[in-house]
Amino acid sequence: MALMEWSPRLSVKVKKFDDQHKKLVDLVNQLHDAMKAGQGNAALGTTLQSLISYTATHFKDEEQMMQANGYPELAKHKAEHEKLVTQVLDLQKKFQEQAGGGILTMTVMSFLKDWLVNHIQGVDQKYGVFLNAKGIS
Ligand code: FEO
């Protein structure tokens with residue numbers, strides 16, 4: 001069973017970013033599945049890296065869209081992104097230091113799930129309202 005599912009409650013009402021969020025949900029689920037299946041460290045490390053890389057791409061895309069449209073809360077949103085990246089890089093560092101899979105527990109998976117849901121339902125949905133008012137959806 002998947003750890004989490006994208007649902008309309010997570011919609012920011014901007015298609016490009018809803019699609020990217022769906023991909024992030026998929027990647028968190030892939031990591032969860034890999035953990036549950038007891039996959040080796042190499043496979044887990046690759047999946048974790050895919051999640052980190054796609055997160056970076058996604059954050060950059062959002063920041064560019066916010067900047068191009070004069071979003072007044074860009075600096076605050078960027079700071080949130082930086083905090084999230086720091087947290088997930090810290091997780092990756094622990095994963096590498098502890099020779100892998102042991103760090104990827106259900107606690108960590110719940111943390112990643114909450115990390116995504118809270119950010120999307122918090123600051124992401126705010127920019128959605130702003131962009132919709134500018135005719136972007
Ligand atoms: Fe969808 Fe601000 O990350």
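Just so you know, ligand 1 is whichever comes first in the structure, and atom 1 is the first atom listed for that ligand. Quick note: numbers below take in every heavy atom, side chains included, and nothing from hydrogens, waters or symmetry partners.
To the nearest 10 degrees, the angle centred on atom 1 (Fe) of ligand 1 between NE2 in His21 and OE2 in Glu62 reads 90°.
In summary, no N, O or S atom of His58 is located under 2.8 Å from atom 2 (Fe) of ligand 1. Under 2.8 Å from atom 2 (Fe) of ligand 1 lies no N/O/S atom of Glu80, from backbone or side chain alike.
Using a 4.5 Å cut-off between side-chain heavy atoms of Ile, Leu, Val, Met, Phe, Trp and Tyr, with links allowed through other members, Val14 and Val123 fall into different hydrophobic clusters. Taken together through direct or relayed side-chain contacts under 4.5 Å among Ile, Leu, Val, Met, Phe, Trp and Tyr, Val25 and Phe111 form part of one hydrophobic cluster.
With hydrogens and angles ignored, the 3.5 Å screen pairs no side-chain donor or acceptor of Asp33 with any backbone N or O of Ala2. Side chain of Asn132 to backbone of Lys13: a donor-acceptor contact under 3.5 angstrom is found.
Of all non-hydrogen atoms in Gln125 and Leu10, the two that sit nearest each other are NE2-C, 3.7 Å.
Of all the N, O or S atoms in His77, the one closest to atom 2 (Fe) of ligand 1 is NE2. Restricting His119 to its N, O or S atoms, the one at the least distance from atom 2 (Fe) of ligand 1 is NE2. The N, O or S atom of Asp124 with the smallest distance to atom 2 (Fe) of ligand 1 is OD1.
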